[in-house]
Student: 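I'd like to ask some things about the structure below.
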Amino acid sequence: MGINMSLIVKQTEEILKSKIIDAIAAATASGELPQAEMPAFIIEKPADKKNGDFSSNIAMAGARTYRKAPAMIAQAIVSNLDFEGTLIDRAEIAGPGFINFYLSDRYYSEIVKDAVTKGDDYGKSDYGTGKKMLVEFVSANPTGPMHIGNARGGAIGDCLASVLEAAGYEVWREFYVNDAGNQIEKFATSLEVRYLQECGKDAEMPEDAYHGADITQHAREFFAENGDKFADTDSKERRDALVAFALPKNIDGLERDLKKYRITYDNWFRESTLHNDGSVQWIINTLKEKGVTYEQEGALWFKASEFGNDKDIVLIRANGLPTYIVPDIAYHYNKLVKRGYDKAIDVLGADHHGYIPRMKAALTALGIDADRLDPVIMQMVRLVRDGDTIKLSKRSGKAITLNTLLEEVPIDAARFFFNLREPNSHFDFDLELAAKQSNENPVYYVQYAHARICSILRKAQEQGVEMRTPTMEELDRLSSPEERELISHLAALTDEIISAAKQYDPAKITHYVIDLATLFHKFYNAQRVVIDDIGLMQARLYLCTAVKSTIKSILTMLKIDAPDSM
């Protein structure tokens, strides 16, 4: 039939609505129903499949309009329904006048054929075609290693970008490198103190500086290369040299660790470029020109309270230095205006809740639609082992980093687990469960379903079965409740991806594939695949192939392995 199944699934309700309206027109023309204004009615999917694939309340809704009993109205409609050329098989009247609609065998056959034919492209759509989305995520300070929150943000951001791509959007992954500002000054101070200590000088580390072992290691390596050459130089020269030495190493380390985590960015955008190209100063000047700033106690303030924020905010401190918000405004201006992205999606920690109204206020003041900035607020993760919360790494005695997590948990499990809950929900990450090779572990359970199907197909070939593309009539025989339930779930993939993209929630896709694995195991336990009935066997092998390719394409979208054997 050459039908685009994702389109058919999406349009079934519209087709039914149109057919009901046509049937009422025919019933009115024949005198079975009186002339009247079309009543409002709904079409929905019944909770119980026994009540059909779709159901409508049109007969009850029209009782007052047509001044007839709902059962009589339903009979008049059903007798005039014409499903020729559709994938709807029949309509039945139930209860007080509900009309239940049943999809044809061919509908299910077309879904299986579509899933196998499209392969990796099955479920993808052109929903977001023409829209450019920039997803900025992780953006950890380059002054130290990534923590467990960055691990969740990385998995959510990367999988969200993949979901958006599958829904047809043009997507750009970006890491914003904070290589300027207050944290870099603190980084420089920390490095300077440790270097001077290496040189034998008496230098004390400020309490609010970075005390990590990585700072000491950088200072030692710098000293090994330069000796005490910078011990008596101007402090600015010394600090600049130390930052120029250590910062690239940290950024390289971030990039290396993220690649290990299967995250590759399209761009690493440096904050320093916004200072160097005049963007930061331009933002200040423009806000001044628009009359939305004022001076108080030597500082420059932005009238953010006039644009939806709860209070005004400082742009330039009394010491003449801009606050962190100014380059951030310049960065978002760069995304939305200079580079022309339709949406800037920021994956942020829960501690950034107040950041969003401030940024939206600034964008509004600059004449930019603030709705083009979409935050994905991510709650923190609790690491759990044996029911107890873990706060420290046993190995280092420090907070658990992305690297220490991946030493304990497979990358597949980490990426899958961090996408098991919607981003804005609190999440307990069970370390034991994530490392467990059993069906209790959801990622193992899904991977096992894929491996099991591969095994079924291999064994069939070993038994001399020559797999072929079954006829549509053979596929029509996939009519058991388990087969129909499994195929219906396959049919829902396109809408599920679009829904996940619209809601910025990749957890919808992990839930979808877990349910797909569950329905496959249910089908396999109820129906033998390799049987004497050749036609039905070929259809079931084809259904297995459809489920296998769908699981693989979803796991590939999430950058998770789909093993052929386990």
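Residue numbers start at 1 and run along the sequence shown. In this text, all values refer to a predicted model and were calculated from it rather than measured experimentally.
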Student: Would you call Arg458 and Ser565 a side-chain contact if the rule is heavy atoms closer than 4.5 Å?
Tutor: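 Yes. Closest side-chain heavy atoms under 4.5 Å.
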Student: In this structure, is the centre-to-centre distance between the rings of Phe418 and Phe429 below 6.0 Å?
Tutor: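 Centroid distance Phe429-Phe418: below 6.0 Å, so yes.
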Student: What are the two closest non-hydrogen atoms of Ala460 and Val530, and how far apart are they?
Tutor: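 That would be CB-CG2, 4.0 Å.
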Student: Should the pair Arg484-Asp105 be classified as a salt bridge under the 4.0 Å nitrogen-to-oxygen rule?
Tutor: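 Salt bridge between Arg484 and Asp105, a charged N being under 4.0 Å from a carboxylate O: yes.
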Student: With heavy-atom distances below 4.5 Å as the criterion, would you say the side chains of Asn441 and Phe417 are in contact?
Tutor: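 Yes, close enough: below the 4.5 Å cut-off.
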Student: List for me each residue that meets ring-ring contact (aromatic ring centres under 6.0 Å, His included) alongside His352, sequence neighbours excluded, and say none if there are none.
Tutor: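 His352 satisfies ring-ring contact (aromatic ring centres under 6.0 Å, His included) with Tyr355 only.
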Student: Taking all heavy atoms of Leu420 and all of Ala507, pick out the closest pair and write down the distance.
Tutor: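 Heavy-atom minimum between the residues: C-CB, 4.0 Å.
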Student: Does the distance from a Lys or Arg side-chain N to an Asp or Glu carboxylate O, for Lys335 and Asp342, drop under 4.0 Å?
Tutor: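 Looking at Asp342 together with Lys335, the answer is no, because their closest N to O distance does not fall below 4.0 Å.
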Student: Taking all non-hydrogen atoms of both residues into account, name the closest pair between Ile15 and Thr86 and its distance.
Tutor: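 Minimum heavy-atom contact is CG2-CG2, 4.2 Å.
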Student: With a cut-off of 3.5 Å and sequence neighbours excluded, list every side-chain donor-acceptor pair involving residues 533-540.
Tutor:
residue: Asp533; atom: OD1; partner: Arg477; partner atom: NH1; Å: 3.1
residue: Asp533; atom: OD1; partner: Gly535; partner atom: N; Å: 3.4
residue: Asp533; atom: OD1; partner: Leu536; partner atom: N; Å: 3.3
residue: Asp533; atom: OD2; partner: Arg477; partner atom: NH1; Å: 3.3
residue: Asp533; atom: OD2; partner: Arg477; partner atom: NH2; Å: 2.5
residue: Gln538; atom: OE1; partner: Arg468; partner atom: N; Å: 3.1
residue: Gln538; atom: NE2; partner: Glu466; partner atom: O; Å: 2.9
residue: Arg540; atom: NE; partner: Glu483; partner atom: OE2; Å: 2.7
residue: Arg540; atom: NH1; partner: Arg528; partner atom: O; Å: 2.8
residue: Arg540; atom: NH2; partner: Glu483; partner atom: OE2; Å: 3.3
residue: Arg540; atom: NH2; partner: Gln527; partner atom: OE1; Å: 2.9

Student: Look at the aromatic rings of Tyr444 and Tyr448 and report parallel, tilted or perpendicular, splitting at 30° and 60°.
Tutor: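 Geometry flag for Tyr448 against Tyr444: parallel rings.
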Student: Should the pair Arg262-Asp561 be classified as a salt bridge under the 4.0 Å nitrogen-to-oxygen rule?
Tutor: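 Yes, charged N to carboxylate O under 4.0 Å.
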Student: With a 4.0 Å cut-off on N to O distance, would you call Glu473 and Arg106 a salt bridge?
Tutor: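 Arg106 and Glu473: salt-bridged.
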Student: Side-chain contact test, heavy atoms from C-beta onward, threshold under 4.5 Å: evaluate it for Lys343 versus Leu134 and give yes or no.
Tutor: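 With C-beta onward as the side chain, the pair stays apart.
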Student: For atom CG of Asp351, is the number of surrounding heavy atoms from other residues, nucleotides or ligands below 6.0 Å larger than 12?
Tutor: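 Atom CG in Asp351 is crowded, with more than 12 foreign heavy atoms closer than 6.0 Å.
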Student: With salt bridge (charged side-chain N to carboxylate O under 4.0 Å, His left out) as the rule and sequence neighbours excluded, what pairs involving residues 150-162 come up?
Tutor: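 Found Asp158-Arg173, Asp158-Arg415, Asp158-Lys559.
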Student: Check Glu432 with Lys436, please: is the shortest side-chain N to carboxylate O separation under 4.0 Å?
Tutor: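 Between Glu432 and Lys436 there is no salt bridge, as every charged N stays at least 4.0 Å from the carboxylate O atoms.
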Student: Ala501 and Val163: which non-hydrogen atoms are nearest, and at how many Å?
Tutor: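 Heavy atoms of Ala501 and Val163 come nearest at N-CG1, 3.7 Å.
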Student: Could you walk me through whether Arg421 and His426 pass the side-chain hydrogen bond (donor to acceptor under 3.5 Å, both in side chains) check?
Tutor: CA-CA 8 Å; Arg421 301 281 180 276; His426 290 277; over 6 Å; no
Student: Hey, does the Lys NZ or Arg CZ of Lys17 hover above the aromatic six-ring of Phe41, less than 6.0 Å from the centre and inside 45° of the axis?
Tutor: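 Yes, Lys17 lies over the aromatic ring of Phe41.
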Student: Please tell me whether Tyr169 and Tyr341 form a close aromatic pair, meaning their ring centres lie under 6.0 Å apart.
Tutor: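 Distance test on ring centres: not under 6.0 Å, no.
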Student: My understanding is that only residues two or more places apart in sequence, or in another chain, count here; which of them pass ring-ring contact (aromatic ring centres under 6.0 Å, His included) with Phe523?
Tutor: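 So Phe523 forms a ring-ring contact (aromatic ring centres under 6.0 Å, His included) with Phe520.
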Student: Any side-chain to backbone donor/acceptor pair from Asp564 onto Ala451? Under 3.5 Å, distance only.
Tutor: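 Checked: no pair found.
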Student: Which atoms form the tightest heavy-atom contact between Ala115 and Tyr122, and what is the distance?
Tutor: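 So the two residues come closest at CA-CD1, 3.5 Å.
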Student: Of all heavy-atom pairs between Ile77 and Ala23, which one has the smallest distance, and what is that distance?
Tutor: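 Shortest heavy-atom contact: O-CB, 3.5 Å.
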Student: Show me the donor-acceptor pairs, under 3.5 Å and distance only, between side chains in residues 550-557 and residues at least two apart or in other chains.
Tutor:
residue: Thr550; atom: OG1; partner: Ala546; partner atom: O; Å: 2.8
residue: Ser553; atom: OG; partner: Ser549; partner atom: O; Å: 3.4
residue: Ser553; atom: OG; partner: Thr550; partner atom: O; Å: 3.0
residue: Thr556; atom: OG1; partner: Lys552; partner atom: O; Å: 2.7

Student: Taking C-beta and beyond as the side chain, do Asp412 and Gln447 meet within less than 4.5 Å on heavy atoms?
Tutor: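 With C-beta onward as the side chain, the pair touches.
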Student: Is the closest basic N to carboxylate O distance between Asp121 and Lys124 below 4.0 Å?
Tutor: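 Yes, this pair counts.
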Student: Who pairs with Lys131 by salt bridge (Lys or Arg N to Asp or Glu O under 4.0 Å), at least two apart in sequence or on another chain?
Tutor: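 Not a single residue meets the salt bridge (Lys or Arg N to Asp or Glu O under 4.0 Å) criterion with Lys131.
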